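The next block holds one structure in the form of structure tokens; read it before the comments.
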Amino acid sequence: MDLDLPDWVEDWARKTPDLKVAPPGPKSKAIIAKDREYVSNAYDRLFQFTMKMASGSAVMDADGNVYLDFSAGISVLNAGWSNPRVVKAIQDQAGELVHSLANDAYFDKEAEFAELLAKISPGNALGSTFFGNSGAEAVEAAVKLSRYYTKGSEHVAFMGSYHGRVGNALAMTSRVKFKQGHGPYPPGVFFAPYPYCYRCWFKQEYPSCGLLCVDYLEKAILEFGGPSGSLASVFVEPLQGEGGYIVPPKEFLPRLRKLCDKRKMLLVADEVQCGLGRSGETWECNSTDTVPDILVTGKALGGGVPLGAIVVKKSIMQTWRPGSHSSTFGGNGIAMAAGLAHVREIFDEKLPERARLLGAHAMKRLNEMKTKYDIIGDVRGKGLMIGVEMVKSKSTKEPLLVPEMQGRVWKKGLMMITAGMYGNVFRIAPPLVISQDQLDIGLDIFEDAVRETPAPMGK
Ligand SMILES: Cc1ncc(COP(=O)(O)O)c(C=O)c1O
């Protein structure tokens, strides 16, 4: 497989990084000042520059600085920034129809997109789709449908989970940081330990643990942890994203599937972040042949245009009556055109396979770094969804605070974001079209920053 950049990537985006002025430059500074005056403070801006344009796996700021992007716009641009197939689909659609009136009329691309999603769904078993506008909105739809179908009202979610920042999606998100000050939350969400084997909640080792965390969910939480027995669904990220890019053992999802069947709960797989090729699979559920009842998708689904969806077993979706759920913009013309083009591009260009190859290369290099540097505690991931957990020292595993290191990486021209319950996990999640050379350049910058990090105090 050719692991160079695709031909369509702009010339300026091939030489990365390319910093002309120390960021933030004067143009960025002026825009940032206006933004701070008028735009909500709620956005958690990591990078102090203003977005101007982007191509492939590179982003240019208002001052002409070019950065290498290891975040893909938070796992959105799987087929690359400004992919021409997506851009053309948007342009063509804009000339014909923007708002598709999905609530009141039919639209060809909505039917076409739903057909495509059914064909690529896990086990080809999920035959019906509802389109909304974001990941969190899709999670809300999954909550509603699982309650409607099972007549239950309680849910299981996992420690470290992230499902969005509104309503029930926020209620099922586990971190205090995101929830503080916004309660009360609806009752009936029970959090179970995710198999975070590097920091096992039960101080066990896999595989001798026998997945004690799932036993605990089944025997302790569901029996004695307070549920009323009115259970609707288990929400799980097959590869946990914001929680720290955690890959669970291969038995985990199949065990949840069995548990849901036994207790007549729906299994909801939230693949908003790990799906559509990022983990090297079409859907991460496929890696264990697990068929969920509801698949939640978003982010890469729209190729950069806001879009989320639930893809559901037909027998379950069909219980909803007309009007059971609705979205003014669901199935929007631009979103359908962009999403269809993006998803087709991901598969026509075999990007899941490319993610596997590039991911294996990155993992090898990162594991070599792990043996060299005491502050790299763990390297884990699949495809191009890789987490590097930073610690004060391997022996204590005490989380290392990384904002200063992240700032240094950015000033060298590499956009890296973090995840994890302690915010100490660097993500390697570039657009899947990144070249092997660019990946290596980014990893070199990362290694420089690791090397330059002073030995932590009090380790
Ligand atoms: C697994 C998962 N679910 C849901 C969401 C929420 O998606 P959105 O930000 O589009 O609402 C995210 C966002 O990061 C996510 O990672």
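Just so it is clear, the structure is predicted and the values come from calculations on it, not from any experiment. All ligand and atom numbering here is 1-based and tracks the order in the structure.
- A side-chain N or O of Gln438 and one of Thr16 form a donor-acceptor pair less than 3.5 Å apart.
- Within 4.0 Å of ligand 1, protein heavy atoms belong to Ser134, Gly135, Ala136, Tyr162, His163, Gly164, Glu237, Glu242, Asp270, Val272, Gln273, Lys299, listed by chain and number.
- The ring pair (Phe, Tyr, Trp, His ring centres under 6.0 Å) search around Phe158 returns Tyr194, Phe252, not counting sequence neighbours.
- Summarising the geometry of Met265 relative to Arg257, their closest heavy-atom pair is O-NH2, 4.4 Å, with the distance given to 0.1 Å.
- Residues Thr173 and Phe191 come closest through the heavy atom pair O-CZ, 3.7 Å.
- Not counting sequence neighbours, the partners of Asp61 by the side-chain hydrogen bond (donor to acceptor under 3.5 Å, both in side chains) test are Asn65, Tyr67.
- Every side chain to side chain contact (heavy atoms under 4.5 Å, CB included) that Tyr149 has, sequence neighbours left out, goes to Leu266, Ile316, Thr319.
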